Amino acid sequence: QSSLQVPAFSLILLIGVSGAGKSTFARRHFLPTEVISSDHCRALITDNENDQSATGDAFELLHWLAAKRLQRRRLTVIDATNVQADARQSLIDLGQQFNCPLVAIVLDMPEQVLNDRRKTRTDRSFADPVLHRQRRDLWLWTRYLEYEGFSTVYRLKSADEVDQIQVVRQS
Ligand code: GTP
Ligand code: MG
């Protein structure tokens, strides 16, 4: 079993396309209150976590919540796709504003795994072009995370790897 070391106070961005397992990972390794999910923020505003028209408001709420937590030096996990560099930038700025170490956990699952999960998933379905764009963004825009300001980058490339992982908080 391998471990992902994270500072006890850190801003952790989960990065991955829809179905990569971000929410599952967040549930398994963190307290519900430590996780801020863009879908949950959408739901808080519109009662519907799939209402894409609320995306702008949802991210405003997400940022506001994250800022309040970081101000109190609480470990904070962002559960959003975060596949594009410009989507990450404002969160990186936020972390830096609070002198908070930034951790990226990339769930970079093989296409086969994503396709299999999509077939069996009942809570959500995305059209092929959306997933395709997300996959392309992940591939293009997550190569230089260290240069973006992340002090630690973990990239998990298989479901097995994700299964074996343990998150260890450094004090
Ligand atoms: P979005 O919220 O749409 O961006 O997806 P997500 O990245 O949050 O994925 P989520 O955690 O909801 O997982 C999607 C599907 O994959 C669910 O049906 C999960 O049960 C399944 N899944 C996620 N992680 C794992 C895993 O590690 N192993 C297995 N076997 N299934 C997983
Ligand atoms: Mg999710």
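All of these numbers come straight from a predicted model, not from anything done at the bench.
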Side-chain donor/acceptor of Thr81 to backbone N/O of Val17, under 3.5 Å | no
Look only at the side chain of Arg88 and the backbone of Val83, and say whether a donor-acceptor pair between them is shorter than 3.5 Å.
-> yes
Any chance you could lay out the side-chain contact (heavy atoms from CB on, under 4.5 Å) test for Lys68 and Gln71, step after step, and finish with the verdict?
-> CA-CA 5 Å; Lys68 292 295 175 193; Gln71 203 161 30; 4.0 Å; yes
Straight-line distance of Leu65 CG to Thr33 OG1, nearest 0.5 Å = 11.5 Å
Is there a side-chain contact (heavy atoms from CB on, under 4.5 Å) between Leu102 and Gln96 once you walk through the steps?
-> CA-CA 8 Å; Leu102 288 151; Gln96 287 173 345; 4.2 Å; yes
Test item: side-chain donor near acceptor, Gln89 and Asp93, under 3.5 Å = yes
After noting the C-alpha distance and the side-chain angles of Val167 and Ser3, does the key distance pass the side-chain contact (heavy atoms from CB on, under 4.5 Å) rule?
-> CA-CA 6 Å; Val167 173; Ser3 61; over 6 Å; no
What pair of heavy atoms forms the shortest contact from Ala87 to Ser90, and how long is it?
-> O-OG, 3.9 Å
Which atom of Ile105 lies closest to which atom of Phe25, heavy atoms considered = CD1-CE2, 3.9 Å
Distance in Å, Thr76 OG1 paired with Leu70 CG, rounded so as to fall on 0.5 Å steps = 4.5 Å
All heavy atoms of Ala26 vs all of Leu14, minimum pair found to be CB-CD1, 3.9 Å
Would you sort out whether Phe59 and Cys41 count as a side-chain contact (heavy atoms from CB on, under 4.5 Å), showing the intermediate values?
-> CA-CA 7 Å; Phe59 277 92; Cys41 288; over 6 Å; no
What is the distance from atom OG1 of Thr152 to atom CD1 of Ile12, rounded to the nearest 0.5 Å?
-> 9.5 Å
Looking at Ser38 and Ala58, what are the two nearest heavy atoms and their distance?
-> O-CB, 4.0 Å
Nearest-0.5 Å distance that lies between atom CD1 in Ile45 and atom OG1 in Thr55 = 9.5 Å
Minimum side-chain heavy-atom gap Leu75-Leu31 below 4.5 Å | no
Applying salt bridge (charged side-chain N to carboxylate O under 4.0 Å, His left out), run through Arg27 and Asp79 and close with a yes or a no.
-> CA-CA 10 Å; Arg27 263 195 301 278; Asp79 175 5; over 6 Å; no
Ignoring hydrogens and angles, tell me if any N or O in the side chain of Arg117 forms a donor-acceptor pair with the backbone of Ala20 under 3.5 Å.
-> yes
Inter-residue atom distance Arg42.CZ - Ser53.OG, 0.5 Å rounding = 9.0 Å
Under 3.5 Å, is there a donor-acceptor pair between the side chain of Arg124 and the main chain of Ser18?
-> no
Using the rule that two of Ile, Leu, Val, Met, Phe, Trp, Tyr join whenever any of their side-chain heavy atoms come within less than 4.5 Å, decide whether Ile78 and Trp141 are in one cluster.
-> no
Beyond-backbone contact of Leu145 with Leu13, side-chain heavy atoms, under 4.5 angstrom | no
Shortest non-hydrogen pair, Ala80 vs Lys22, comes out as O-CD, 3.4 Å
Any Val77 side-chain heavy atom under 4.5 Å of His29 side chain | no
Joint hydrophobic cluster, Leu91 plus Trp64, side-chain heavy atoms closer than 4.5 Å = yes
Leu138 side chain reached by Arg135 side chain, heavy atoms, under 4.5 Å = no
Option from Arg74, Arg169, Arg69 for which salt bridge (charged side-chain N to carboxylate O under 4.0 Å, His left out) with Glu34 holds | Arg169
In one Ile/Leu/Val/Met/Phe/Trp/Tyr side-chain cluster, 4.5 Å: Leu140, Val106 | no
Ignoring hydrogens and angles, tell me if any N or O in the side chain of Tyr154 forms a donor-acceptor pair with the backbone of Val103 under 3.5 Å.
-> no
Reported CG-to-CD distance for the pair Asp137 and Gln84, which is rounded to 0.5 angstrom | 4.5 Å
Do you know which two heavy atoms are closest between Arg155 and Asp108, and how far apart they sit?
-> NH1-OD2, 3.4 Å
Using only heavy-atom distances, determine whether the side chains of Asp116 and Gln112 contain a donor-acceptor pair under 3.5 Å.
-> yes
Return yes if some donor-acceptor pair links the side-chain N/O of Thr46 with the main-chain N/O of Asn48 below 3.5 Å, else return no.
-> yes
Neighbour count >12 (heavy atoms, 6.0 Å) for atom NE2, His63 | yes
Kindly check if the number of other-residue, nucleotide or ligand heavy atoms within 6.0 Å of CZ (Arg143) is above 12?
-> yes
